[in-house]
Amino acid sequence: MQNYVLIGNTRKSYGVKGEMKLHINEKYLEDIFNLQVVFLKISGKHIPYFVESVRVGNALLIKFEDINSPEETVAISSKEVYARAEDLIPEEDRQLVIEGLEFEKYVGFSIIDIEKGRVGDIKEIVEYPQQEMAVVEFENREILIPMNHALIELID
């Protein structure tokens, strides 16, 4: 029986060639560039997807073999991404040390506006030159909300 390790999740489609945005837990960023196969959890099963390429654009982007259009990515969007434990870099051999984003620990938290009420859950935190931004789905589209201590009333 395989020993799978949760390393991240797929996001939405990017571009027209079948690439997808990918969120990878920081610990496994070094691994994702070396993996030839990852496993997406679909209907409770770990289904193998062969990695064609991984690159950094405005986000971490992955392209799987035989997925060549945005329409083909729909079925594998928002899925947990696993790797086989034996395919991961041993702890003692890891070289990439990443200092995390200050607000990254709030992914999954809800943003509530004092006047408008609930805006949505933070899907991810992205870094822009001036500050970190929360990516939130609001009214069926993604919006960016500045993460700044002066704008935060309460964290609960």
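Quantities reported herein were computed from a predicted structural model and do not represent experimental measurements.
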Determine the minimum heavy-atom distance between [X] and [Y], stating which atoms define it.
X      : Y      : value
Ala134 : Ile111 : CB-CD1, 4.1 Å
Ile24  : Leu29  : CG2-N, 3.8 Å
Ala83  : Leu35  : CB-CD1, 3.9 Å
Thr73  : Glu19  : CG2-O, 4.2 Å
Asn25  : Leu6   : ND2-O, 3.8 Å

Show, in sequence, the C-alpha distance, side-chain angles and deciding distance for Val81 and Thr10, and conclude whether the side-chain contact (heavy atoms from CB on, under 4.5 Å) test is met. CA-CA 7 Å; Val81 177; Thr10 58; 3.8 Å; yes
Can you tell me how far apart [atom1] ([X]) and [atom2] ([Y]) are? Round to the nearest 0.5 Å.
X      : Y      : atom1 : atom2 : result
Leu22  : Leu60  : CG    : CG    : 5.0 Å
Ile76  : Leu40  : CD1   : CG    : 6.0 Å
Phe103 : Ile122 : CZ    : CD1   : 9.5 Å

For [Y], is there an ion pair with [X] - N to carboxylate O distance below 4.0 angstrom?
X      : Y      : result
Lys12  : Glu137 : no
Lys21  : Glu124 : no
Asp113 : Lys116 : no

Got a list of side-chain donor-acceptor pairs under 3.5 Å for residues 61-69, not counting sequence neighbours?
unit_1	atom_1	unit_2	atom_2	d
Lys63	NZ	Ile67	O	2.5
Lys63	NZ	Asn68	OD1	2.9
Ser69	OG	Glu71	OE1	3.2
Ser69	OG	Glu72	N	3.3
Ser69	OG	Glu72	OE1	3.4

I'd like to know if the side chain of [X] and the backbone of [Y] have a donor-acceptor N/O pair within less than 3.5 Å.
X      : Y      : value
Glu132 : Met147 : no
Ser110 : Asp121 : no
Ser13  : Met20  : no
Arg84  : Val5   : no

Sequence neighbours left out, what passes ring pair (Phe, Tyr, Trp, His ring centres under 6.0 Å) with His23? Give chain and number order.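 Applying ring pair (Phe, Tyr, Trp, His ring centres under 6.0 Å) to His23 gives none.
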Report the relative orientation of the aromatic rings in Tyr106 and Phe109; use parallel for angles under 30°, tilted for 30 to 60°, perpendicular for over 60°. perpendicular
Quick one: do Arg11 and Glu142 satisfy salt bridge (charged side-chain N to carboxylate O under 4.0 Å, His left out)? Show the steps, please. CA-CA 12 Å; Arg11 303 287 188 177; Glu142 283 188 351; over 6 Å; no
For atom CD of Glu86, is the number of surrounding heavy atoms from other residues, nucleotides or ligands below 6.0 Å larger than 12?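 Yes, enclosed.
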If you apply the rule side-chain contact (heavy atoms from CB on, under 4.5 Å), what do you find for Leu144 with Val126, and how did you get there? CA-CA 9 Å; Leu144 297 175; Val126 293; 4.2 Å; yes
Assess the side chains of Glu80 and Tyr82: does a donor N or O sit below 3.5 Å from an acceptor N or O? yes
